[in-house]
Amino acid sequence: LVFPGTCQDAFSYYATVFGGTITKLQSYEESPIEVEEPSKDRIFDAELIIGSVKIKASDDLPNYPVKSGNNFSLFIAFDDHKEREKVFNRLAEEGNILFSLDENFGMVKDKFGFQWMLVIG
């Protein structure tokens, strides 16, 4: 899920509503991504566990503002770099690369308009 600067508030609310546990709240300042001062306090990586379900989220950035349609991405963690690369390339064939694949992250919008975040770990 992608929020317009309200990720931490939303996750606190969802944790209360569903009886979940926030297991991660990493700001952009704590992330490997370089951002300007106004965005450093926004959430880069949040994780909420509700039973056996894990929900991941972040806040948007000025260059990638959230709007209906790009506020949802499927997040897939791979153990194998080659498998992740194969899946990334297949999704990108008739889609659009949003963030080029690097050592730990890549993001693509598939031909059906769904966004995929592919990571290692």
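Quick caveat: nothing in here was measured; it's all calculated off a predicted structure. For this chain, numbers begin at 1 and follow the sequence in order.
- For the side chain to side chain contact (heavy atoms under 4.5 Å, CB included) criterion with Ser73, the lone passing option out of Lys109, Gln115, Lys56 is Gln115.
- For CG of Asp79, the number of neighbouring non-hydrogen atoms (other residues, nucleotides, ligands) closer than 6.0 Å is 12 at most.
- When the side chains of ILVMFWY residues are joined at heavy-atom separations under 4.5 Å, either directly or via intervening members, Phe99 and Met117 end up in a single hydrophobic cluster.
- A distance of 5.5 Å separates NZ of Lys40 from CD of Glu29, quoted to the nearest 0.5 Å.
- Considering CZ of Phe78 and CD of Glu85, their distance stands at 11.5 Å, rounded to 0.5 Å.
- The closest donor-acceptor contact from the side chain of Ser39 to the backbone of Val35 lies at 3.5 Å or more, if one exists at all.
- Tyr28 places a side-chain heavy atom less than 4.5 Å from the side chain of Leu61.
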Subject >> His81 and Glu103: CA distance, side-chain angles, deciding distance, side chain to side chain contact (heavy atoms under 4.5 Å, CB included) verdict >> reply: CA-CA 8 Å; His81 286 271; Glu103 186 65 24; 3.3 Å; yes
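- We find the CZ-CZ distance between Phe72 and Phe114 to be 7.5 Å, quoted to the nearest 0.5 Å.
- One hydrophobic cluster, built from ILVMFWY side chains closer than 4.5 Å, cannot hold both Ile97 and Val2; they sit in different ones.
- Residues Lys24 and Glu47 are not paired through a salt bridge, judged by the lack of any N-O separation under 4.0 Å between the basic side chain and the carboxylate.
- Here the side chains of Arg84 and Leu101 are in contact, with some heavy-atom distance below 4.5 Å.
- In this pair, Tyr14 and Phe3 present their aromatic rings tilted. The plane angle is within the 30 to 60° band.
- Taken together through direct or relayed side-chain contacts under 4.5 Å among Ile, Leu, Val, Met, Phe, Trp and Tyr, Ile50 and Leu1 form part of one hydrophobic cluster.
- Grouping the Ile, Leu, Val, Met, Phe, Trp and Tyr side chains by contacts below 4.5 angstrom, directly or via other members, places Phe18 with Ile55.
- Atom OH of Tyr64 is separated from atom CG of Leu98 by 8.0 Å, given to the nearest 0.5 angstrom.
- Among all heavy-atom pairs drawn from Ala46 and Cys7, the shortest one is CB-SG, 3.8 Å.
- Contact check for Ser31 versus Asp45: no side-chain heavy atoms found under the 4.5 Å cut-off.
- Counting non-hydrogen atoms of other residues, nucleotides and ligands closer than 6.0 Å to NZ of Lys86 gives a total of 12 or fewer.
- To the nearest 0.5 angstrom, Phe11 atom CZ is 9.0 Å from Ser58 atom OG.
- Separating the CG atom in Asn96 from the CE atom in Met107 is a distance of 11.5 Å, to the nearest 0.5 Å.
- Formation of a donor-acceptor pair under 3.5 Å by the Glu83 side chain with backbone atoms of Asp80 is not found in this model.
- In the hydrophobic cluster analysis, where Ile, Leu, Val, Met, Phe, Trp and Tyr join through side-chain heavy atoms closer than 4.5 angstrom, Ile33 is grouped apart from Val66.
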Subject >> Candidate pair Asp60 and Arg42, rule salt bridge (Lys or Arg N to Asp or Glu O under 4.0 Å), full reasoning >> reply: CA-CA 8 Å; Asp60 65 358; Arg42 286 180 173 246; 2.4 Å; yes
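- A side chain to side chain contact (heavy atoms under 4.5 Å, CB included) with Ile43 is found for one member of Asp59, Asp9, Thr6 and no other, namely Asp59.
- Here the side chains of Phe105 and Leu118 are not in contact, with every heavy-atom distance at 4.5 Å or above.
- Between Leu48 and Ala15, the closest heavy-atom pair is CD1-CB, 3.8 Å.
- Between Asp110 and Leu91 there is a side-chain heavy-atom pair separated by less than 4.5 Å.
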